[in-house]
Amino acid sequence: MSNGNGIKKRKVLDRIIPYTPGKPLWEVQQELGIDKVIKLASNENPLGPSPKAVEAIRNILFGLNRYPDAHGADLKSAIANNLSISSNQLIVTNGADELITLISETFLEEGDEIIVPFPSFSEYEFGAHLMGAKVIHVPLDENFQFSLDSILTAITENTKLIYICSPNNPTGTYLSKLRLVELLNSVPKTILVVFDSAYSHFATNQDYSAGLEFVRDGYPIIVLQTFSKIFGLAGVRVGFGVANESIIQDIIRVKEPFNVNSLALAAATAAITDNEHVYESIEVNSSGREQLYKALSEQGLRYVESMSNFILVDFGSNAREVYEQLLLNGVIVRHGEIWGIPNYLRISIGTREENEILIEAVCRILQKLEKASGEIVYE
Ligand SMILES: *Cc1c(COP(=O)(O)O)cnc(C)c1O
């Protein structure tokens, strides 16, 4: 296709579907002309950033004339301490999103295949398409659980990467530690398992693993983590990967020198030691999850049990209408059609007050819809 200036772009770019972010607050505020808008659409931390991180950013503002540390040494050492790993097993990146691109650039040749459970995080496919690799979708089962058999069956001699997002975005389901061991022991040694545990802090079940112990045990796995979710730093863009040193060294070859900016480095270094903020965030999320479960059940709505900071809710054929109406009421959530599940909305868990506003809005909207369709309204 011509882009109007006669310069041909690479063919593989035709396969890239632009990322659809959650609607930003300001956009909805402008469109509706209202101030009170709540965003439960991008799994952000509703408590705000770690206060220690904010303080750290303040303290370095007048050093912004200097380039950041290209190795992110302080941040790496803070993460290494926190996770009991070695700094050599770490790479810090401009969000976990950048890491996904870097992994793709490091390991994918044209024609290689990646295995991605479906539905899952869209950036995995972006990285593959960028490199001209092929995306093999393996559907989750009817309860949105991972199907190990289907994943293993999908492996061919071209498979390079297997992505597992656990807890999975957008379903909130996870791969238990036992089944992760089974997967790692079953895949050929030429395949890297990319284990995205961006939401690991929210997983409260005992049989959950964030994957780090398998890095320590020397398996071909890279664990992805981010400062965007529990630490509340989505706006400064910082994430990291944990893997054995040789995998990390390979990825560092394609990394730009100053990929993580100074503000992000300072903020993340402070945030990872801010236990108070982390515990409070976990607490607010766990109780918010229960609050929403209860309210959804009372409305007779089906939802997927979540180990994360969002819940996938089945609104049946009303999903589109509920989504639109919520927006008009100043509540932004995510519609499932981008993941091929148009009957579902993904709702991020907010503060207690935000959750209440959401619940009230959902109740009102469903009542109106029932009235409109002439069904009996239960008060
Ligand atoms: C939010 C998210 C990330 C991290 O994104 P950043 O680029 O670090 O903001 C990674 N994986 C999944 C599944 C996510 O939902």
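In listed order, ligands and their atoms are each counted from 1.
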With a 4.0 Å cut-off on N to O distance, would you call [X] and [Y] a salt bridge?
X      : Y      : answer
Lys294 : Glu290 : no
Glu213 : Lys177 : yes
Lys229 : Glu44  : no
Lys52  : Glu55  : no

Pick from Phe240, Tyr163, Tyr199: the one approaching atom 15 (O) of ligand 1 most closely through a non-hydrogen atom: Tyr199
Could you tell me, atom by atom, which parts of ligand 1 come under 4.0 Å of a heavy atom of [X]?
X      : answer
Ala96  : 4 (C), 6 (P), 7 (O), 8 (O), 10 (C)
Thr226 : 4 (C), 6 (P), 8 (O), 9 (O)
Lys229 : 1 (C), 2 (C), 3 (C), 4 (C), 14 (C), 15 (O)
Cys165 : 13 (C)
Ser228 : 6 (P), 8 (O), 9 (O)

[atom]: the protein heavy-atom neighbour that sits closest, reported with distance to 0.1 Å:
atom                    : answer
atom 5 (O) of ligand 1  : Asp97 OD1, 3.6 Å
atom 7 (O) of ligand 1  : Arg237 NH2, 2.6 Å
atom 11 (N) of ligand 1 : Asp196 OD2, 2.6 Å

Option from Leu292, Val284, Leu40, Leu358 for which side-chain contact (heavy atoms from CB on, under 4.5 Å) with Ile349 holds: Leu292
Name of the residue among Phe315, Tyr323, Phe144, Tyr303 meeting ring-ring contact (aromatic ring centres under 6.0 Å, His included) with Tyr344: Phe144
Test item: side-chain donor near acceptor, Asp207 and Tyr174, under 3.5 Å: yes
